[in-house]
Student: 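Let me give you the structure first, and then I'll get to my questions.
So you know, we letter chains A, B, ... as the sequences are listed, proteins then strands, and number each from 1.
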Amino acid sequence: MGKLKRRICPNDVTINIGKDAPVPECPIPGESWKEITHDDTGTWLAKWGDPIKSKLIKYVSLGASSSWKGQSDKEKYEKARMLKSYIGNIRAAYIKGFTSKDITKQQIAVATYFIDKLALRAGNEKDDEEADTVGCCTLKVENVTAEGHNKLKFDFLGKDSIKYENTVEVELPVYNAILKFQKDKRPGDDLFDKLDTSILNAHLKELMPNLTAKVFRTFNASFTLDDMLNKETKDGDVAQKVGVYQHANKQVAIICNHQRSVSKSYSAQISKLNEKIDELQAYLKELKIDLDRARKEKPPLKSLDRIEKKIAQTSAKIEKMQRDMHTKEDLKTVALGTSKINYLDPRISVAWCKRHEVPIEKIFSKTLLEKFAWAMDVDPDFRF
DNA sequence: GTTCACGACTCAGAAAAATCGCT
DNA sequence: GAGCGATTTTTCTGAGTCGTGAA
């Protein structure tokens, strides 16, 4: 913690380049690149070892808007779409596995169920010096508590030490299996002691070509967005439709547990908004008194029309502020961006925008439009 | 076959920068 | 239209996933 990182020099850097391509000029006179390679199986352009974490390799690769990255992004979503036609069988298989006599098979079934239902990450083994975080396969006994009425309480630190807290009702066989897996174990012991990510992924590959645990997160996120958009979009103006989109986006972020820290000035901002609302309401009250007097033709003599107009304007302003405040509170700890960038098939959003005449710029920023260039010409009828 | 290290890629929130919207 | 605080977008780089190949 708190180390200065030394400068990276050309002789740290390996360049990956086509056999006949000209080698980029070394920017520091008298020095040279560590190595020039011609690896056409990789997508990286340059790499070097991190001076502090010796095991860590840093890469330079093409930007997100490149057709190369776009292609692999598209393949990711196509794989997730393929899961759609396999998911019925996969679910049937793990339900059967819940009561398997073979404990490894039973653990695989329950773990797959968690990954499908709760969008948990796979959970690779980690070195001791890394943060104490877990995923599905590395869940500890104390991370899951049986709460009665078939409810399981999950409580653990996931990727980036983000807390995952969720209580869910599960099928009785799952509940019983968890009790069984916990039996005769101590805190700190693995809940799934017969399992790791390679065993789990090897099993998933038997069910669908190239299937791995992470595909379920993409599948669940994109499926949820597509489903909610199609169920909840009603006639209305663009702002209302964008609201529907944000609501669906939020549900996805909750499923994926994408969080953000509450800004330091949050409470100050809220009280400021409240003050403003109070002020406006006091003003509205005055306006109503004025209106009353004007109707009775008492001074101060003001035009009825103008007062009524002002009342309408002020009421609308108050309503908007209250709505904004509600949204602010609602999204205080939820990060919508991560799922939009990494988990939601952009073709869902593009097709929805086309169907409902929402400008795509309302959904995607400039860089996202560039990143998702490959998805822009999708058919309006596209469904995930 | 199994374990293990590691290489190459995707995904994560925080911080920084740019933009918005109000006075 | 300047000045400001809030909000949104972009950048940054560490933290995961997953495959491969050597021991």
Student: Would you check if V144(A) and F181(A) make a side-chain contact, meaning some heavy-atom pair closer than 4.5 Å?
Tutor: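 Of all side-chain heavy-atom pairs linking F181(A) with V144(A), none is under 4.5 Å.
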
Student: Name the nucleic acid region contacted by A213(A), choosing base, sugar-phosphate or nothing; use a 4.0 angstrom heavy-atom cut-off, strictly under.
Tutor: sugar-phosphate

Student: For E25(A), enumerate each residue passing the salt bridge (charged side-chain N to carboxylate O under 4.0 Å, His left out) test, keeping only those at least two apart in sequence or located in another chain.
Tutor: none

Student: Transitive ILVMFWY cluster of M228(A) at side-chain heavy atoms under 4.5 Å: who else is in it?
Tutor: none

Student: So what does G123(A) touch, heavy atoms closer than 4.0 Å: a base, only the sugar-phosphate, or nothing?
Tutor: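 G123(A): backbone/sugar contact only, no base atoms under 4.0 Å.
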
Student: Just the endpoints, please: which first and last nucleotides of DNA chain C, 5' to 3', lie under 4.0 Å from a heavy atom of chain A?
Tutor: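 The contacted stretch runs from dG5(C) to dG19(C).
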
Student: Evaluate the ring planes of F372(A) and W374(A), with Trp represented by its six-membered ring, and classify them as parallel (under 30°), tilted (30 to 60°) or perpendicular (over 60°).
Tutor: perpendicular

Student: A side-chain contact here means heavy atoms from C-beta on lying under 4.5 Å apart; do F156(A) and K140(A) qualify?
Tutor: no

Student: How is K371(A) classified with respect to the nucleic acid when contacts are heavy atoms under 4.0 Å: base, sugar-phosphate, or nothing?
Tutor: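 It contacts nothing in the nucleic acid.
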
Student: Would one find more than 12 heavy atoms of other residues, nucleotides or ligands at under 6.0 Å from atom NZ of K76(A)?
Tutor: yes

Student: Could you check which residues of residues 196-207 of chain A get a heavy atom under 4.0 Å from DNA chain C? Sort them by number, please.
Tutor: N201(A), K205(A)

Student: Would you give a per-nucleotide map of nucleotides 17-23 of chain B, 5' to 3', where B means the base has a protein non-hydrogen atom under 4.0 Å away, S means only the sugar-phosphate does, and - means neither?
Tutor: -------

Student: Could you say whether G135(A) or K366(A) is positioned toward the 5' end of DNA chain C, judged by the nucleotide with the nearest heavy atom to each?
Tutor: K366(A)

Student: If the condition is side chain to side chain contact (heavy atoms under 4.5 Å, CB included), which residues does D102(A) pass it with, not counting sequence neighbours?
Tutor: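 In terms of side chain to side chain contact (heavy atoms under 4.5 Å, CB included), with neighbours along the sequence ignored, D102(A) is linked to S100(A), T104(A), K105(A).
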
Student: Taking the side chain as every heavy atom from C-beta outward, state whether H149(A) and E169(A) have any pair of such atoms under 4.5 Å apart.
Tutor: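 Of all side-chain heavy-atom pairs linking E169(A) with H149(A), none is under 4.5 Å.
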
Student: Side-chain donor-acceptor contacts of residues 206-215 of chain A below 3.5 Å, not counting sequence neighbours, with atom names and distances?
Tutor:
none

Student: Holding to salt bridge (charged side-chain N to carboxylate O under 4.0 Å, His left out), I want the full list of residues that pass it with D226(A), two or more places apart in sequence or in another chain.
Tutor: R383(A)

Student: Side chain to side chain contact (heavy atoms under 4.5 Å, CB included) with A146(A): which residues, sequence neighbours excluded?
Tutor: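 L152(A), Y175(A), L179(A).
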
Student: By the ring pair (Phe, Tyr, Trp, His ring centres under 6.0 Å) test, which pairs, at least two apart or in different chains, include something from residues 221-242 of chain A?
Tutor: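 Output for this query lists F219(A)-F223(A).
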
Student: When every nucleotide of nucleotides 6-14 of chain B is labelled 5' to 3' by its protein contacts under 4.0 Å (heavy atoms), B for base, S for sugar-phosphate only, - for none, what sequence of letters results?
Tutor: SSBSSBSSS

Student: Taking side-chain hydrogen bond (donor to acceptor under 3.5 Å, both in side chains) as the cut-off, I'd like each qualifying pair that reaches into residues 331-342 of chain A, sequence neighbours left out, listed once.
Tutor: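 As it turns out, the side-chain hydrogen bond (donor to acceptor under 3.5 Å, both in side chains) pairs with a partner in residues 331-342 of chain A, which skip direct neighbours, are N249(A)-S339(A).
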
